[in-house]
Amino acid sequence: MVPQFDHKYISAGARNLDVAEWEYRRFIDCDYENVTALLGLADVRCLLEDFDDALGCCNVAIEVNPACEYAYSFRAYIKLLFKNDESALEDLDEALEIEPTCVWALTARGYLYLQEGRLRKAAADLTPALERDPDDLWANFCMGYLRTKRKNYRGALECLNKVIEMKPTFLEAYEIRGFCRVGLKDYAGGLQDLNLFLKQKPENVKAQAKRVVALAGTGEQAKAFAQAKKLVQYHWSYAWLLVMVKLKKFKAGA
């Protein structure tokens with residue numbers, strides 16, 4: 001999962017990408033150092049999923065203009081798509097050195113820090129990103145994720161509810177909101193969110209485990225025990241969960 005990148009020179013829903021590509025290539029033929037054309041062509045090639053060509057355009061744009069924040073951010077985005085996180089982080093550092101208030105770069109770097117468990121660094125990036133654009137989808141999601149990790153569940157719900165309102169198909173927002181609701185002992189609400197998420201991503205082990213807690217919390221002990229037993233067959237690290245369900249530690253309405 002990678003924070004959505006806003007293409008500056010052509011939108012994801014644009015038509016006639018072939019025409020746009022022809023025009024950008026014509027500009028580049030006339031002036032090989034035309035950074036705008038290079039990045040426009042990178043946008044087109046990325047939307048056409050030719051990421052190698054898009055990366056090459058970003059590389060040339062950076063050679064021509066090393067102070068171009070967008071080129072570093074764009075290159076970081078492509079690297080993130082291929083899980084080259086370390087190199088992407090270097091580009092994000094460069095982008096933010098040039099433009100410290102870039103919301104996308106702040107959010108993307110904050111998200112990387114979240115994945116690494118570096119919560120203070122994540123907060124240092126996500127807080128100004130959200131202050132600069134309170135309605136940014138990914139900044140809200142990442143802040144909700146951060147607050148969940150810090151067990152600030154009510155604060156997390158504010159962000160996640162906003163994300164789901166803006167984009168009802170954002171599956172991961174339902175997963176994290178389910179975790180929050182279970183953390184607040186709203187087991188019925190948590191179960192609803194987790195069931196929705198697991199319907200699309202049934203292999204997610206953490207969500208499976210949290211659903212066991214939600215089931216037990218809503219009083220469905222038999223289902224909770226059966227699912228916990230199945231989970232432990234493949235993941236012994238969740239043996240504690242089976243014991244907790246058997247001892248009825250998750251009480252309905254608690």
Next item on the list: Check whether Leu157 and Ile164 end up in the same hydrophobic cluster, where Ile, Leu, Val, Met, Phe, Trp and Tyr are linked by side-chain heavy atoms less than 4.5 Å apart.
Entry: no
Please state whether the rings of [X] and [Y] are parallel, tilted or perpendicular, taking 30° and 60° as the class boundaries.
X	Y	result
Tyr238	Trp240	tilted
Tyr77	Phe74	tilted
Phe141	Tyr111	tilted

Step through the shown structure and confirm whether more than 12 heavy atoms of other residues, nucleotides or ligands are within 6.0 Å of [atom1] on [X].
X	atom1	result
Lys162	NZ	yes
Phe82	CZ	yes
Glu203	CD	yes

*Beyond-backbone contact of Tyr113 with Leu89, side-chain heavy atoms, under 4.5 angstrom*: yes
Kindly say whether [Y] contributes a backbone atom to a donor-acceptor pair with the side chain of [X] at under 3.5 angstrom?
X	Y	result
Gln200	Leu171	no
Glu116	Arg118	no
Asn140	Pro134	yes

Criterion side-chain contact (heavy atoms from CB on, under 4.5 Å) on Phe170 and Leu137, from CA distance to verdict: CA-CA 10 Å; Phe170 200 140; Leu137 182 77; 3.9 Å; yes
Verify side-chain contact (heavy atoms from CB on, under 4.5 Å) between Glu21 and Arg25, making sure each step is shown before the conclusion.
CA-CA 6 Å; Glu21 178 175 0; Arg25 289 192 184 279; 2.9 Å; yes
Q) Under the side-chain contact (heavy atoms from CB on, under 4.5 Å) criterion, do Leu215 and Leu191 qualify, and how do the steps go? A) CA-CA 7 Å; Leu215 283 167; Leu191 184 60; 3.9 Å; yes
task = Could you go through the side-chain contact (heavy atoms from CB on, under 4.5 Å) check for Leu231 and Leu242 one step at a time?
result = CA-CA 9 Å; Leu231 185 63; Leu242 186 62; over 6 Å; no
(Q) Is a donor from one side chain sitting under 3.5 angstrom from an acceptor on the other, for Glu131 and Thr127? (A) no
